[in-house]
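Chain letters run A, B, ... following the sequence lines, proteins first and then strands; every chain starts at 1.
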Protein chains: 2
Amino acid sequence: MASTAQFAEIANLAGDPARAAMLDALMDGRALSATELANVAGITPQTASGHLAQLASAGLILVQKQGRHRYHRLANAQVAQMVEAIMQVASGLGPARKPVRTGPKDEALRTARTCYDHIAGRLGVALADALVRGGHAEISRDGALITPKGLAFLSGMGIALTTPPRSKRVLCRPCLDWSERRPDLAGTVGTALCQHSLASGWIRQSEGSRALAITRKGEAAFREHFGVVLD
Amino acid sequence: MASTAQFAEIANLAGDPARAAMLDALMDGRALSATELANVAGITPQTASGHLAQLASAGLILVQKQGRHRYHRLANAQVAQMVEAIMQVASGLGPARKPVRTGPKDEALRTARTCYDHIAGRLGVALADALVRGGHAEISRDGALITPKGLAFLSGMGIALTTPPRSKRVLCRPCLDWSERRPDLAGTVGTALCQHSLASGWIRQSEGSRALAITRKGEAAFREHFGVVLD
DNA sequence: GCGATGGTTCGGGCATGGCCGTAGCATCGC
DNA sequence: GCGATGCTACGGCCATGCCCGAACCATCGC
């Protein structure tokens with residue numbers, strides 16, 4: 001079983017500002033090099049190296065060496081979900097303490113960003129809303145599903161979902177967006193949607209940030225397929 | 001937005017062994033006094049008091065004074081879900097390091113326990129399995145739902161679920177059980193089932209533990225209604 | 001009222017662990 | 001080959017924060 005000691009060990013790893021910044025940066029699902037992570041954490045490479053060793057040894061991240069670089073990424077979706085859950089609680093005390101400082105970079109993140117494997121931010125929420133409005137999905141606080149109609153809708157767009165044999169509905173996971181405080185779609189469906197949007201050139205990952213840029217093509221696609229217009 | 005500093009602050013609170021033990025103890029959803037929590041954490045009351053003040057000020061727990069006692073409980077389901085997620089990750093590294101020490105107390109926890117608001121352990125998993133087997137529920141990795149048939153089944157048992165107006169299905173949240181590594185039912189449905197089982201005297205909360213005792217009456221009820229027989 | 005119990009506050013001891021400078025390995029480009 | 005770059009290992013400085021003992025406040029039983 002999971003002893004409280006192990007519990008504390010994991011939480012403690014996430015509890016250091018530098019490591020927290022690293023985990024946050026890795027939440028876009030990409031693999032980052034040690035120096036990149038050192039930068040986002042605002043520490044020297046030596047220190048970062050130590051932190052990364054700890055995270056790796058605990059199994060929170062995976063390291064993949066490629067030439068003289070070593071790329072680090074989150075180990076699995078469970079870790080991502082943990083980070084998500086902590087962020088959820090952390091955002092609860094945010095507004096209560098500081099009146100929310102919204103810089104321009106912050107604004108980009110609010111508009112659209114990746115959340116490990118799916119689209120979050122205003123775009124993510126808007127897409128989820130659109131699917132619900134069109135009768136393609138149902139979302140509640142506890143869960144979400146894609147209706148048969150929605151399944152056809154998505155597959156018509158080239159997004160194929162592997163349906164479990166017994167069920168006619170495809171269940172998916174709602175993820176309470178910490179900036180919008182409304183649910184977006186995560187899990188298998190969210191991943192597929194995000195992948196497809198990237199592959200189609202609707203959105204593009206920014207270089208040093210979790211922010212997503214919506215391309216001109218994407219603007220049109222989201223409006224046409226989903227009726228989504230941001231701002 | 002949730003800054004990484006706030007993220008680290010929250011994670012750090014959960015990252016201390018003493019506080020971790022407290023949060024774990026509070027995961028049964030009950031409210032415990034300061035001394036009780038000091039005991040489970042293995043520290044003196046003074047120290048516990050300090051920890052509890054921190055947890056309360058961060059909004060992780062709520063304090064309710066009653067006479068000369070002060071009862072502490074988890075602030076909300078989000079905190080519980082965070083603890084759950086961390087435990088999930090922590091249990092991942094458990095078996096890999098130690099061959100798992102199963103004491104008698106541990107065995108009781110594995111059989112049945114509360115997980116904030118629902119039933120976990122072998123009983124929780126067995127109930128979820130039974131609902132699926134009977135066509136009352138569908139569960140996938142990403143989500144779960146109660147079928148109309150299941151809705152009738154539960155309401156026939158006296159468990160009324162508030163159905164969202166637009167949907168005929170009741171979505172619910174699967175919770176990957178850390179001991180069984182299989183899903184049990186959380187969220188609204190899980191809560192209702194747990195409440196009903198307690199109210200009907202099918203299960204009873206143990207005094208100083210999260211373990212649930214299955215009563216003789218409960219044994220019969222679970223067998224009759226769900227076809228569930230443990231061991 | 002008075003003792004007993006539950007809880008908190010304060011102060012100081014002490015260990016843990018984060019941080020960086022220096023130095024040492026690996027790999028790449030040429 | 002040789003320098004440059006990415007990363008890691010070691011040692012020492014230093015702050016954070018956990019812990020307890022002692023004292024103080026609140027509440028209960030009587």
Please report, rounded to the nearest Å, how far the [atom2] atom of [N] is from the [atom1] atom of [X].
{"X": "A:Ile61", "N": "D:dC7", "atom1": "CD1", "atom2": "C1'", "answer": "14 Å"}
{"X": "B:Ile43", "N": "D:dG17", "atom1": "CD1", "atom2": "P", "answer": "16 Å"}
{"X": "B:Gln64", "N": "C:dG6", "atom1": "CD", "atom2": "C1'", "answer": "16 Å"}
{"X": "A:Lys65", "N": "D:dG6", "atom1": "NZ", "atom2": "C1'", "answer": "11 Å"}
{"X": "A:Leu13", "N": "C:dG17", "atom1": "CG", "atom2": "P", "answer": "10 Å"}
{"X": "B:Glu36", "N": "C:dT5", "atom1": "CD", "atom2": "C1'", "answer": "14 Å"}
{"X": "A:Gln66", "N": "D:dC7", "atom1": "CD", "atom2": "P", "answer": "12 Å"}
{"X": "B:Tyr71", "N": "C:dG7", "atom1": "OH", "atom2": "P", "answer": "8 Å"}

Problem - Stepwise side chain to side chain contact (heavy atoms under 4.5 Å, CB included) check, B:Val83 with B:Tyr116 - result: CA-CA 10 Å; B:Val83 173; B:Tyr116 188 58; over 6 Å; no
Practice task
To the nearest 10°, let me know how far the axis at one end of the helix from C:dG1-D:dC30 to C:dC30-D:dG1 is tilted from the axis at the other, five pairs an end.
Solution key: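 Answer rounded to 10°: the end axes differ by 40°.
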Problem - Atom of A:Leu109, atom of A:Ala211 and distance for their closest heavy-atom approach - result: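 So the minimum-distance heavy-atom pair works out to CD2-N, 3.5 Å.
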Exercise for the section: Please report the closest heavy-atom contact between A:Val79 and A:Gly59, naming both atoms and the distance. Expected result: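 Nearest pair, atom of A:Val79 first, then A:Gly59: CG2-O, 4.4 Å.
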Problem - Residue whose closest nucleotide on DNA chain C lies nearer the 5' end, A:Gly67 versus A:His51 - result: A:His51
Problem - Closest-nucleotide ordering on DNA chain C, the 5'-leading residue of B:Ala34 and A:Thr47 - result: B:Ala34
Exercise for the section: Please determine, for the side chain of B:Thr35, which listed nucleotide (C:dG7, C:dT27, C:dC20) has the closest atom? Expected result: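 The nucleotide sitting nearest to the side chain is C:dG7.
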Exercise for the section: Give the nucleotide from the list D:dC7, D:dC18, C:dC19 with an atom nearest to the side chain of A:His69. Expected result: D:dC7
Practice task
Using heavy atoms to find the nearest nucleotide of DNA chain D for A:Arg68 and A:Ala48 separately, return the residue whose nucleotide is more 5′.
Solution key: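 First, find each residue's nearest nucleotide; the 5'-ward one identifies A:Arg68.
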OP1 or OP2 of [N] under 4.0 Å from side-chain N/O of [X]:
{"X": "B:Arg70", "N": "C:dT8", "answer": "yes"}
{"X": "B:Gln54", "N": "D:dC18", "answer": "yes"}
{"X": "A:Ser49", "N": "D:dC7", "answer": "no"}

Exercise for the section: May I ask you to check if A:Arg113 and A:Trp178 form a cation-pi contact, with NZ or CZ under 6.0 angstrom from the six-membered ring centre and within 45° of the axis? Expected result: yes
Problem - Any donor-acceptor N/O pair under 3.5 Å between C:dG7 base and B:Gln46 side chain - result: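 No such pair is found, so the answer is no.
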Practice task
Flag the pair B:Ser206 / B:Leu212 as yes when at least one side-chain heavy-atom distance between them is below 4.5 Å, and no otherwise.
Solution key: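 In short, these two side chains do not touch, never coming nearer than 4.5 Å.
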Exercise for the section: Spell out, as yes or no, whether a donor-acceptor pair under 3.5 Å connects the side chain of B:His69 to the backbone of B:Ser33. Expected result: no
Exercise for the section: State plainly whether the residues A:Asp129 and A:Arg122 are in salt-bridge range, i.e. N to O under 4.0 Å. Expected result: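 No, A:Asp129 and A:Arg122 are not salt-bridged.
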